[in-house]
Amino acid sequence: MLLIAAWLHPVCGQNSFNLAIPLQYPQGDIRHLTLDNDTIAGISIGFNNNVEWKQGVVLSKFDSSGNVLASNIVLDSLGDALAVGKAWGGIVKTSDGGYAAIAATVGRKSAFLIKLNNNLQVEFIKEYPDTVNLSNYAYTLIEVSGGYLLYGAIQRPDYYDDGFIRYVDKQGETIWFKYLSYSVYNNSILDIKQVNDSIYVAGIGTGASINPHTGFTSLLYFDLEGNELNYWASDIEPEIGYVRKIIPTNDGGIILFGLHKADFVSGTALFQPTLSKLDSNFQIEWVSHFGPIRSLVSYITLWDFAPTADGHYIGAGETLVKDGDDPTRRVGWLYKFSAGGDSLWERKVNAPFLPLYYTNSGFFGGVGVLSSGSIVAGGTTNEGNTDYCWLVKVTNDGCLDTLWCQTVVAAPEVPGDMMEVRVYPNPTKDILNIGYPVSGTPRLLQVFDFHGRLVLAIDLPAQSSQMSISTSQLSEGLYFVKLCGENTGSVKFIVSR
């Protein structure tokens, strides 16, 4: 029997959902997804427990309501463990109506192209072994005319990475292979996108030194003959950050998502998510830093992007939130932005399990847009030590609840002592004190519960700067305070008795 754990508002019908879906393969989750009209397909790690406990990759297909249409687990014929990672591996819809996926063996450290039919049954598997390098598994793929482009990084015997592109035909046979190394340190092809019928662009991250760690971003334009048509490289430690994903635009430019080195504290580099736009001459049109500033190991990032029905873009990934004295927990992150880099809204989506605690967490590995315009993100959520497939569908304006939806603009992290709205004590039992900036006109203060429902609305008199409210009528849990109509953000507080 398929069990589904969900926060699904009954009023929403099929407009939105937050589903944790256990598959028949324990630990099955979603690392990457692809959309074919209104069908969602994902790839993940799972375990076969029918005969012998073996790790493989699970392929899953869902309809637009989150119902499972098909699933299959692929195991290595030589008994090795198969895997995919957040930053490598993947699944794409193919022009013949089936799917193609990339995975790797853990022991042999070689990559596999897995071709599947529409029902996720294997048509063939092609391995790319390597007896010289230390690892040859960090592959990603896109379908192109005549076959697939496989790309990523291969670890050399000196422990540094070489970026590469491998062009293979429809049966996985190599047509050409290129190493792309622009320094003696780490090089990686992090994304490839099609620009037009014959030209592709690769986003490349390159290390420039080892002590301290520095790097730069570059772009390579090439064709399917393997010809390098144009190359651009940023300065070392660029304002646009270290590239992770690229989005070609209709005007000949390109949008880059990267991680900008914002600080260096006690020997640790701190990074902030960053979007930027280059025109067709590689001139920077705009740069937008947003989200928390953390070390790379914190994984504050967006893993996937898709254009939305209204001409904007949606990114999906993961970030961290913290409530009061509770440990920090990982949540799914949706971030919508315009073609000019303006933040339209963001959603930090909790795992569909209670309590809201660090042991119940999750991330989004992929995102797409349905024919209705609704947005679907897929990833992994866990309840304690158990992982689940995680699918979240929101409306184009980011609503999980069609009765109420507040646009939240993502802004750089603000220290607690600079917030314009202050609440204390936090957590609170019975009384919450609220401080706010003085205004010459009356205003409205609103309190929302965790689901975004308005639970209190309080008129604030002119010239006032603080007030106290009773929380005795509120249940235990997480709430948000906001000054209506003012761009002060919302402040969290917890009722705990």
Side-chain angles (χ1 to χ4, degrees), residues 85 87-88 102 109 111 128 130 132-142 144 149-168 174-195 199-248 252-261 264 269 271 273-284 287 296 301:
W88 54 271
I102 281 285
K109 297 184 178 179
Y128 301 98
D130 188 331
V132 175
N133 294 293
L134 297 179
S135 67
N136 181 44
Y137 65 83
Y139 278 47
T140 306
L141 83 163
I142 63 170
V144 297
L149 288 175
L150 313 179
Y151 61 92
I154 294 174
Q155 190 179 38
R156 308 188 303 247
D158 64 1
Y159 296 97
Y160 291 108
D161 289 340
D162 275 335
F164 74 92
I165 302 174
R166 183 191 295 269
Y167 178 35
V168 304
T174 298
I175 299 173
W176 54 257
F177 178 95
K178 281 182 175 291
Y179 281 117
L180 296 168
S181 298
Y182 300 101
S183 83
V184 298
Y185 303 107
N186 288 321
N187 302 264
S188 182
I189 312 300
L190 294 161
D191 198 12
I192 290 181
K193 290 292 191 299
Q194 186 170 4
V195 176
I199 298 176
Y200 296 79
V201 57
I204 306 168
T206 301
S209 68
I210 190 63
N211 191 19
H213 292 279
T214 60
F216 60 92
T217 282
S218 56
L219 299 171
L220 174 68
Y221 289 77
F222 65 97
D223 61 24
L224 290 184
E225 301 298 320
N227 300 310
E228 299 181 14
L229 306 176
N230 202 358
Y231 175 78
W232 170 86
S234 73
D235 295 332
I236 294 176
E237 304 297 76
E239 183 72 10
I240 63 175
Y242 299 169
V243 67
R244 292 295 184 268
K245 291 291 181 179
I246 55 177
I247 306 170
I254 193 165
I255 294 174
L256 295 86
F257 170 74
L259 298 174
H260 168 248
K261 188 182 288 184
F264 201 82
F271 294 83
T274 297
L275 288 161
S276 58
K277 168 73 181 302
L278 304 181
D279 66 18
S280 58
N281 295 314
F282 306 113
Q283 299 300 305
I284 298 176
V287 178
L296 284 178
T301 193

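Note that the structure is predicted; figures quoted are calculated from it, not measured.
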Inset, instruction - Quick one: list whatever passes salt bridge (Lys or Arg N to Asp or Glu O under 4.0 Å) with Glu239, sequence neighbours left out. - result: none
Legend entry - salt bridge (Lys or Arg N to Asp or Glu O under 4.0 Å) partners of Lys178, counting only residues at least two apart: none
Inset, instruction - Report the residues that fulfil ring-ring contact (aromatic ring centres under 6.0 Å, His included) with Tyr242, sequence neighbours left out, ordered by chain and then residue number. - result: Phe271
Inset, instruction - For the pair Thr217 (side chain) and Val243 (backbone), establish whether a donor and an acceptor sit closer than 3.5 Å, ignoring hydrogens and angles. - result: yes
Legend entry - Partners passing side chain to side chain contact (heavy atoms under 4.5 Å, CB included) against Val144 (at least two apart in sequence or in another chain): Ile142, Leu149, Tyr167, Tyr200, Leu224
Legend entry - Partners passing side chain to side chain contact (heavy atoms under 4.5 Å, CB included) against Asp235 (at least two apart in sequence or in another chain): none
Legend entry - Test salt bridge (Lys or Arg N to Asp or Glu O under 4.0 Å) applied to Lys277 - qualifying residues, sequence neighbours left out: Asp251, Glu285
Inset, instruction - Check whether any side-chain heavy atom of Leu220 sits under 4.5 Å from a side-chain heavy atom of Tyr182, and report yes or no. - result: yes
Legend entry - Tyr151: which of Ile204, Ile102, Ile189 passes side-chain contact (heavy atoms from CB on, under 4.5 Å): Ile189
Inset, instruction - Can you sort out the partners of Phe164 under ring-ring contact (aromatic ring centres under 6.0 Å, His included), two or more places apart, ordered by chain and number? - result: Tyr139, Phe177
Inset, instruction - Could you list the residues that satisfy side chain to side chain contact (heavy atoms under 4.5 Å, CB included) with Asn230, not counting sequence neighbours? - result: Tyr221, Phe282
Inset, instruction - Using atom types as modelled and distance alone, determine if a side-chain donor or acceptor of Asn133 lies under 3.5 Å from a backbone N or O of Asn136. - result: no
Inset, instruction - For side-chain contact (heavy atoms from CB on, under 4.5 Å), just list the numbers for Ile255 and Leu275, CA-CA rounded to whole Å, side-chain angles, deciding distance to a tenth of an Å, and then say yes or no. - result: CA-CA 7 Å; Ile255 294 174; Leu275 288 161; 4.3 Å; yes
Legend entry - Partner residues of Arg156 under the salt bridge (Lys or Arg N to Asp or Glu O under 4.0 Å) criterion, sequence neighbours left out: Asp158, Asp162
Legend entry - Asp161: side chain to side chain contact (heavy atoms under 4.5 Å, CB included) partners, not counting sequence neighbours: Ala153, Gln155, Asn186
Inset, instruction - Determine yes or no for a side-chain-to-main-chain donor-acceptor pair under 3.5 angstrom, with Asn227 supplying the side chain and Leu229 the backbone. - result: no
Legend entry - Pairing residues for Phe264 by the ring-ring contact (aromatic ring centres under 6.0 Å, His included) criterion, not counting sequence neighbours: none
Legend entry - Polar side-chain atom of Ser183 near backbone of Gly207 as donor-acceptor pair, under 3.5 Å: yes
Inset, instruction - List in chain and number order the residues that pass side-chain hydrogen bond (donor to acceptor under 3.5 Å, both in side chains) with Ser234, two or more places apart in sequence or in another chain; answer none if no residue qualifies. - result: none
